[in-house]
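Here the structure comes first, spelled out in structure tokens, and everything after it is commentary.
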Protein chains: 2
Amino acid sequence: MKRVTIKDVARVAGVSYATVSRALSGSPEIGEETRQRIIQISKEMGYTPNSIARSLVIQSTKIFGLIVGRINNPFMSEIAYYVEKHARDQGYNLMLCNSGSDLDHEEETYRLLVGRQVDGIIIIPAGADSYERLKPHLGATPTVFMSENLKDLRESYVTVDNYKGTMLGVDYLYSLGHRNILYFGRRLGSLTHQLRAEGYEDACKRYGLTPAFVDSHYTHSSIKKGYALAAELFRTREHLKYTAIMASTDTMALGIIKAADEFGLRIPQDFSLVGFDNINFSSLPKINLTTIDQPKKAMAAAAVDMLIHKINDPTIGYSHRIMEPTLIVRDSCAPLQNNP
Amino acid sequence: MKRVTIKDVARVAGVSYATVSRALSGSPEIGEETRQRIIQISKEMGYTPNSIARSLVIQSTKIFGLIVGRINNPFMSEIAYYVEKHARDQGYNLMLCNSGSDLDHEEETYRLLVGRQVDGIIIIPAGADSYERLKPHLGATPTVFMSENLKDLRESYVTVDNYKGTMLGVDYLYSLGHRNILYFGRRLGSLTHQLRAEGYEDACKRYGLTPAFVDSHYTHSSIKKGYALAAELFRTREHLKYTAIMASTDTMALGIIKAADEFGLRIPQDFSLVGFDNINFSSLPKINLTTIDQPKKAMAAAAVDMLIHKINDPTIGYSHRIMEPTLIVRDSCAPLQNNP
DNA sequence: CAGATAATCGCAAACGTTTTCAGCTTAATA
DNA sequence: TATTAAGCTGAAAACGTTTGCGATTATCTG
């Protein structure tokens with residue numbers, strides 16, 4: 001199963017392999033007749049250039065590394081889809097790695113990718129300390145961070161305006177007449193979540209509402225976590241103080257939905273609910289979650305463009321891009337009927 | 001931003017680069033003291049071996065290509081997650097590509113990956129004709145097909161027993177007392193779907209039930225497609241003839257759920273429903289779809305193991321692995337109360 | 001017709017490794 | 001003491017490309 005190399009086609013064509021290389025890469029200094037002949041022959045022989053050898057000499061692999069927490073997470077896979085698509089359009093392939101949202105594993109993965117000589121790395125960081133951990137390795141390979149805000153990040157990133165996002169949610173709920181809105185989810189550890197909570201808080205203040213929080217100590221949002229928290233809320237009848245819930249995350253909102261279902265509470269009749277992220281779960285029948293959308297496609301495109309710029313001009317420094325969130329209205333919110 | 005090569009550390013250590021290479025790769029013929037010294041030095045200098053150069057000489061990239069329709073499809077992303085994990089454990093990284101479920105694009109992608117010198121390719125084929133299209137390129141790179149059955153596939157693949165899967169569904173519905181079960185979804189074009197339909201049909205025959213089908217001409221299952229079909233079914237009141245529906249796919253089932261919701265039909269009170277695939281949507285609150293599970297994790301592991309075997313022994317021929325489906329009982333089915 | 005210019009093409013170095021083979025020490029054996 | 005063996009190390013080839021530079025031929029120009 002010997003692969004056919006450039007030498008083989010050169011021998012057959014009766015030219016040097018330099019000529020073959022030039023003919024196939026469309027170099028202008030090759031006669032048109034010989035070029036056509038060489039192309040013809042290489043096709044017949046089934047020649048495919050060895051991009052490993054090519055990478056070695058041109059010092060570029062045309063590969064991007066993409067590090068996500070877990071690709072089976074709907075948000076991540078959505079991002080990955082657009083990143084792959086956009087990168088491929090620009091001539092780059094993608095090396096996909098799961099960090100498992102674990103800092104050690106993430107660091108190891110990052111180093112592995114630079115060893116693989118990828119031209120650039122796009123990473124959805126595992127946690128708040130990712131930057132600190134990755135810092136010593138940065139600089140060897142152009143990198144852009146995505147989606148998560150990190151504290152004092154002196155590196156390129158693209159993210160959504162999380163602060164504004166929750167504000168949009170509160171605006172909407174307020175416009176429906178809600179005056180007692182509970183914030184449901186994480187506030188600390190992650191800058192992203194901090195900003196979301198602050199957006200909620202400031203929006204409340206602006207309307208003269210008193211902010212209220214439900215949270216606990218945990219590091220990753222999940223349906224299970226949301227369910228546990230919500231079940232506790234319903235059990236203690238604490239929720240009766242509020243007519244609407246602003247969730248920090250769609251997955252948390254799903255947990256709420258599950259608990260509500262079990263407690264016989266109806267959404268939006270018994271309370272309104274808005275999520276954050278617009279993962280594709282949320283548009284499902286019976287779920288129909290009103291939520292804040294992160295423009296995943298645009299974010300992905302921005303990230304790869306940013307990366308390519310950085311590759312073309314390494315002296316460019318870093319840049320930040322904060323994208324606009326939008327409110328997606330579905331069926332989980334209703335106007336407030338009776339003032340409690 | 002000059003990268004440090006093996007020569008650099010050799011110079012500093014005062015040995016030849018052959019020695020450095022041997023020391024770092026744990027070759028037994030290097031003195032322990034020099035090895036430690038070299039390791040120390042290479043660490044201090046921040047040396048990371050260039051795996052491109054390495055790949056060129058050892059004729060192996062330690063990379064697998066993974067071609068999926070779209071990574072944002074929940075089923076695909078689940079597979080991808082486990083493939084990456086298992087492959088990485090075996091020392092392989094993953095190059096991810098979306099084929100967009102398009103045959104042309106798939107073929108182009110496949111060729112691209114062999115040009116990239118990947119050691120093997122795992123592919124979830126785009127359609128029934130994938131094999132025909134890919135045939136000329138096969139043989140250069142070990143390949144295993146996944147999940148989709150293809151006609152006369154003289155290549156390695158791992159899939160689930162689709163025939164048995166729908167049988168399980170019918171068994172279950174029958175055991176609940178249902179005697180009028182409708183099969184909802186595609187039957188032709190894809191061997192996978194053909195098998196599912198046949199499993200249903202044979203199970204019906206075994207119980208003396210008369211099979212009934214709802215399908216139409218389409219090539220990809222989707223919620224939208226399922227919704228359209230179901231809405232038509234409900235509008236014509238045709239569904240009253242049946243007390244249960246066996247859907248060809250979870251996504252189709254979701255379409256049914258959506259339509260049912262709009263027509264005021266309740267599941268499982270008005271009819272029972274079982275899906276196929278067990279995508280993670282189906283476990284969501286308010287959905288809770290009873291369905292047939294494909295053992296995605298085991299399938300992924302089997303695929304990469306199969307690929308590694310093939311790489312280690314290219315003369316091994318091809319092999320087929322058909323995994324066991326299982327019934328996942330959730331809340332979309334109920335015992336039949338009144339015989340219609 | 002001599003010389004110059006342009007159009008093609010080949011030579012060989014380079015990319016950063018791994019690995020074979022041979023060479024050099026040093027210690028052990030006869 | 002001479003010989004052998006064992007243990008380390010180095011020189012160099014190989015992997016399959018790209019590309020700067022020089023060489024060759026053909027075509028003009030004067």
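Throughout, a chain's letter reflects where its sequence line sits, starting with A, and its residues are numbered from 1. Since this is a predicted model, take the numbers as computed values, not measurements.
- Atom pair B:Q117:CD and D:dC15:P shows a separation of 14 Å (rounding to whole Å applied).
- Every pair passing salt bridge (Lys or Arg N to Asp or Glu O under 4.0 Å) that includes a residue from residues 78-94 of chain B is listed here, sequence neighbours excluded: B:E84-B:R88.
- Atom CD1 in A:I52 sits about 13 Å away from atom P in D:dT18, given to the nearest Å.
- In terms of the ring-ring contact (aromatic ring centres under 6.0 Å, His included) criterion, A:H309 has no residue partners (sequence neighbours excluded).
- Comparing the start and finish of the helix from C:dC1-D:dG30 to C:dA30-D:dT1, five pairs each, the helix axis swings through 60°, to the nearest 10 degrees.
- Where B:L56 and B:P28 meet DNA chain D, the nucleotide closest to each residue was compared, and B:P28 sits on the side nearer the 5' end.
- With sequence neighbours left out, B:Y92 forms a ring-ring contact (aromatic ring centres under 6.0 Å, His included) with B:F64.
- The distance between atom CD1 of B:I58 and atom C1' of C:dT18, rounded to the nearest whole Å, is 8 Å.
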Enumerate donor-acceptor pairs with a distance under 3.5 Å from any side-chain N or O in residues 65-74 of chain A to protein atoms, sequence neighbours excluded.
{"unit_1": "A:R70", "atom_1": "NH2", "unit_2": "B:Y81", "atom_2": "OH", "d": "3.0"}
{"unit_1": "A:N73", "atom_1": "OD1", "unit_2": "A:F75", "atom_2": "N", "d": "2.7"}
{"unit_1": "A:N73", "atom_1": "OD1", "unit_2": "A:M76", "atom_2": "N", "d": "3.3"}

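- Computed from coordinates, the A:R54 CZ to D:dT17 P distance equals 11 Å when rounded to whole Å.
- Nearest to the side chain of B:I30, among C:dT17, D:dT9, D:dG16, sits D:dT9.
- The distance from atom CD of B:Q59 to atom C1' of D:dT17 is 12 Å, rounded to the nearest whole Å.
- For the segment residues 31-47 of chain A, residues with any heavy atom less than 4.0 angstrom from an atom of DNA chain C are, sorted by number, A:G31, A:T34.
- Formation of a donor-acceptor pair under 3.5 Å by the A:R154 side chain with backbone atoms of A:Y318 is not found in this model.
- For residues 106-121 of chain A, the set of pairs meeting the salt bridge (Lys or Arg N to Asp or Glu O under 4.0 Å) definition, not counting sequence neighbours, comprises A:E107-A:R133.
- Here the P atom of nucleotide D:dT19 and the CG atom of A:L24 are 13 Å apart, to the nearest Å.
- Taking the ring-ring contact (aromatic ring centres under 6.0 Å, His included) definition, one finds that A:Y157 meets it with A:H320, sequence neighbours left out.
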Got a list of side-chain donor-acceptor pairs under 3.5 Å for residues 41-48 of chain B, not counting sequence neighbours?
{"unit_1": "B:S42", "atom_1": "OG", "unit_2": "B:I38", "atom_2": "O", "d": "3.4"}
{"unit_1": "B:S42", "atom_1": "OG", "unit_2": "B:I39", "atom_2": "O", "d": "3.0"}
{"unit_1": "B:E44", "atom_1": "OE2", "unit_2": "B:Q40", "atom_2": "NE2", "d": "2.8"}

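- Taking atom CZ of residue B:R116 and atom P of nucleotide D:dT17, one finds them 14 Å apart after rounding to whole Å.
- A donor-acceptor pair is defined here as one N or O able to donate and one able to accept, closer than 3.5 Å; such a pair exists between the side chain of A:S156 and the backbone of A:S319.
- For residues 98-148 of chain A, no residue pair satisfies the ring pair (Phe, Tyr, Trp, His ring centres under 6.0 Å) rule, not counting sequence neighbours.
- Residues in residues 10-24 of chain B take part in these side-chain hydrogen bond (donor to acceptor under 3.5 Å, both in side chains) pairs, two or more places apart or across chains: B:D8-B:R11, B:S16-B:T19.
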Can you pull every protein N or O that's under 3.5 Å from an N or O on nucleotides 10-14 of chain C?
{"unit_1": "C:dG10", "atom_1": "OP1", "unit_2": "A:S16", "atom_2": "N", "d": "3.3"}
{"unit_1": "C:dG10", "atom_1": "OP2", "unit_2": "A:S16", "atom_2": "N", "d": "2.8"}
{"unit_1": "C:dG10", "atom_1": "OP2", "unit_2": "A:S16", "atom_2": "OG", "d": "3.0"}
{"unit_1": "C:dG10", "atom_1": "OP2", "unit_2": "A:T19", "atom_2": "OG1", "d": "2.2"}
{"unit_1": "C:dG10", "atom_1": "N7", "unit_2": "A:R22", "atom_2": "NH2", "d": "3.2"}
{"unit_1": "C:dG10", "atom_1": "O6", "unit_2": "A:R22", "atom_2": "NH2", "d": "2.6"}

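- One can place CZ of B:R3 at 12 Å from C1' of C:dG16, the figure rounded to the nearest angstrom.
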